[in-house]
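What you see below is based on every heavy atom in this structure, not just the backbone, and it leaves out hydrogens, waters and symmetry mates. Naming convention: chains lettered A, B, ... in sequence-line order (proteins, then strands); numbering from 1 in each chain.
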2 protein chains.
Amino acid sequence: MGRWQPGARERLERAALELFLERGFTETTVPQITARAGLTTRTFFRYFADKREVLFTGEELVPERVAHLMAQAPPSLGPMELITEILTSSAAEILERRDLDYVLRRRAAIDAEPALRERELRKFSLLSEALEQGFRDRGVDDLTARLAAEVAVSTFRTAVTRWLDQHGDPDLPAMINQTLSAMRRLTSTPSA
Amino acid sequence: MGRWQPGARERLERAALELFLERGFTETTVPQITARAGLTTRTFFRYFADKREVLFTGEELVPERVAHLMAQAPPSLGPMELITEILTSSAAEILERRDLDYVLRRRAAIDAEPALRERELRKFSLLSEALEQGFRDRGVDDLTARLAAEVAVSTFRTAVTRWLDQHGDPDLPAMINQTLSAMRRLTSTPSA
DNA sequence: CATAGTGATGACATGTCGTGTCATCACTAT
DNA sequence: ATAGTGATGACACGACATGTCATCACTATG
């Protein structure tokens, strides 16, 4: 290699998050990020496809992990049972890679910037597609598979949001169970 | 006014959609769009905040229409009943502004470009927030309001997608009823 | 009919993003 | 030693997006 910088990617992520929180996403230029990380602008775009991606590394692995989880689940499980399984086991893994403080700071930055919120929506959309495919692979019909994926993502996103709103106070599995219960109550209501 | 161009906005929309379908979103430059519309680049950005917005005009009105619908509905309706009401009456209005051919061409352009799909997700996110607020205004608790909004958007988006997949064959109200039925069947399944 | 005001557009400059290309440097294998 | 490999720096460049000012057509008012 040439002048390789140990942990270059991590330094870029940290510098970017700091600057986004200090002066905002739009007001932060890529040269400012790379200056703080001790690299050049060109190198930033070798690690990240665009400025927003610096807050979304590793997220692209989630869909395949979900696919793996679904393939391993007992075939007897119905869609809603499987959703419950997946969400509770996914919840356990959320703090494996990052600590709560990082997650909260990252979310503050994302919430403050529409462009980042939009990128976050794409993340959930990709997750939804993986779930849908997983359901179809288990023999669920297309329409039900699509809806089950939507329900799973809706429940997960809602639970995580509320969990972060409360600074992780009740733990995430508890929050997911609570959200699933509310979803059951809602949909068991008369609908027409 | 100065050299005003009648229907400038509409001409820009048409020119953009044509070019996006001819050579793709990324390959189309703003000067190419404005040249076809007989205007300058600067004028394009007076009508649209960015290149993507040229395919999303008028969408910003949807949330307030939904809010109005929800406020007018009989207070006795439960969340799922209200969802059914809103979706069926929204379905009727979808072809008021644009014809099916335009809607299909527009969707083809959006599907072909990740950046446009992302913008589409934001549209639904804004709709979801309006629905959530509408439910809260009717006295629904926060968690249920959020979930009801998610369920409504999921059902609507799924129905519209399938409707367009079939070139509008069964009409949209029928597709919505079918999707709502599938959602009821799914969520009435045992969940743990 | 003259004149001032108004609103849309054109023209120009500029900053940032994102990419292509090539040189360079450190490290590795043989 | 020497050639190969992979990360980085340096530079150029096109596209996007915005600020600013001039200009033109149209309108209102006297």
Side-chain angles (χ1 to χ4, degrees), chain A residues 1-57 60 109-110 112-120 122, chain B residues 1-57 60 109-110 112-120 122:
Chain A
M1 322 175 180
R3 310 185 189 159
W4 189 71
Q5 307 280 107
R9 171 178 231 104
E10 288 71 19
R11 292 216 320 284
L12 287 169
E13 289 178 29
R14 263 196 297 275
L17 180 54
E18 286 172 13
L19 286 163
F20 292 168
L21 291 173
E22 285 172 18
R23 48 182 111 181
F25 177 82
T26 308
E27 293 72 24
T28 302
T29 69
V30 174
Q32 286 168 359
I33 299 172
T34 52
R36 185 169 293 199
L39 293 167
T40 62
T41 300
R42 191 63 187 87
T43 298
F44 179 93
F45 289 109
R46 288 200 178 90
Y47 282 100
F48 309 104
D50 62 65
K51 205 170 110 181
R52 300 177 308 169
E53 292 302 311
V54 73
L55 290 188
F56 291 87
T57 38
E60 69 280 359
I110 292 175
E113 177 60 41
L116 293 172
R117 285 206 300 271
E118 219 170 280
R119 176 61 182 80
E120 181 96 328
R122 183 157 78 89
Chain B
M1 322 175 177
R3 311 184 189 162
W4 189 70
Q5 308 279 112
R9 173 179 229 103
E10 287 71 20
R11 292 217 319 287
L12 287 168
E13 289 178 30
R14 264 196 297 275
L17 179 55
E18 286 172 14
L19 285 163
F20 293 167
L21 292 172
E22 283 171 19
R23 49 181 111 181
F25 177 82
T26 307
E27 293 71 24
T28 301
T29 70
V30 174
Q32 286 168 0
I33 298 171
T34 53
R36 185 168 295 199
L39 294 167
T40 62
T41 301
R42 192 62 186 88
T43 298
F44 179 92
F45 289 107
R46 287 200 179 92
Y47 282 100
F48 309 104
D50 62 66
K51 204 171 115 182
R52 301 176 308 168
E53 291 302 310
V54 73
L55 290 188
F56 291 87
T57 40
E60 68 280 0
I110 291 175
E113 177 59 43
L116 292 172
R117 284 206 300 269
E118 218 169 281
R119 177 60 182 80
E120 181 96 328
R122 182 157 78 89

For A/Phe44, report the nucleic acid contact type (base, sugar-phosphate, nothing); a contact means any heavy atom under 4.0 Å. nothing

When all nucleic acid strands are considered with a 4.0 Å heavy-atom cut-off, which category describes A/Tyr47: base, sugar-phosphate, or nothing? sugar-phosphate

Just to verify, what does A/Ala109 make a side chain to side chain contact (heavy atoms under 4.5 Å, CB included) with, not counting sequence neighbours? A/Leu17, A/Phe20, A/Leu21, A/Leu55

Whole-Å distance separating the [atom1] atom of [X] from the [atom2] atom of [N]:
X: B/Glu53; N: D/dA17; atom1: CD; atom2: C1'; result: 13 Å
X: A/Leu39; N: D/dG9; atom1: CG; atom2: C1'; result: 10 Å
X: B/Arg46; N: D/dG19; atom1: CZ; atom2: C1'; result: 10 Å
X: A/Arg11; N: D/dA7; atom1: CZ; atom2: P; result: 15 Å
X: B/Gln5; N: C/dT9; atom1: CD; atom2: C1'; result: 8 Å
X: A/Arg9; N: D/dT8; atom1: CZ; atom2: P; result: 10 Å

Could you write out each protein N or O paired with an N or O of nucleotides 14-16 of chain D at a distance under 3.5 Å?
{"residue": "D/dC16", "atom": "OP1", "partner": "B/Lys51", "partner atom": "NZ", "Å": "2.9"}
{"residue": "D/dC16", "atom": "OP2", "partner": "B/Val30", "partner atom": "N", "Å": "3.2"}

For D/dA10, take OP1 and OP2 only and decide whether either is under 4.0 Å from a side-chain N or O of A/Thr40. no

Does B/Trp4 have a side-chain nitrogen or oxygen under 4.0 Å from the phosphate oxygens OP1 or OP2 of C/dT9? yes

Heavy atoms, side chains only, cut-off 4.5 Å: are B/Thr34 and B/Thr40 in contact? no

What residue pairs, at least two apart or across chains, pass salt bridge (Lys or Arg N to Asp or Glu O under 4.0 Å) with a residue in residues 16-36 of chain B? B/Glu18-B/Arg36, B/Glu22-B/Arg36

Any pair counted as salt bridge (Lys or Arg N to Asp or Glu O under 4.0 Å), so long as it reaches residues 44-57 of chain A, sequence neighbours left out: A/Asp50-A/Arg52, A/Arg52-B/Glu118, A/Glu53-A/Arg119, A/Glu53-A/Arg122

In what stems does DNA chain C take part, counting only runs of at least 3 consecutive Watson-Crick or G-U pairs whose two distances fall under 3.5 Å? C:1-30 with D:1-30

Assess whether side-chain contact (heavy atoms from CB on, under 4.5 Å) is satisfied between B/Val54 and B/Tyr47, documenting all intermediate values. CA-CA 8 Å; B/Val54 73; B/Tyr47 282 100; over 6 Å; no

Spacing of B/Leu39 atom CG and B/Ile33 atom CD1 [to the nearest 0.5 Å]: 11.5 Å

Can you tell me how far apart CD1 (A/Ile110) and CG (A/Leu116) are? Round to the nearest 0.5 Å. 6.0 Å

Shortest side-chain distance from A/Arg42, nucleotide among C/dT9, C/dT21, C/dC12: C/dT21

Do the side chain of A/Arg11 and the main chain of A/Pro6 share a donor and acceptor less than 3.5 angstrom apart? yes

Would you kindly compare B/Ala49 and A/Thr41 by the position of their nearest DNA chain D nucleotide and give the one closer to the 5′ end? A/Thr41

Got a sec, which residues hit side-chain hydrogen bond (donor to acceptor under 3.5 Å, both in side chains) with B/Thr26, two or more places apart in sequence or on another chain? B/Glu113

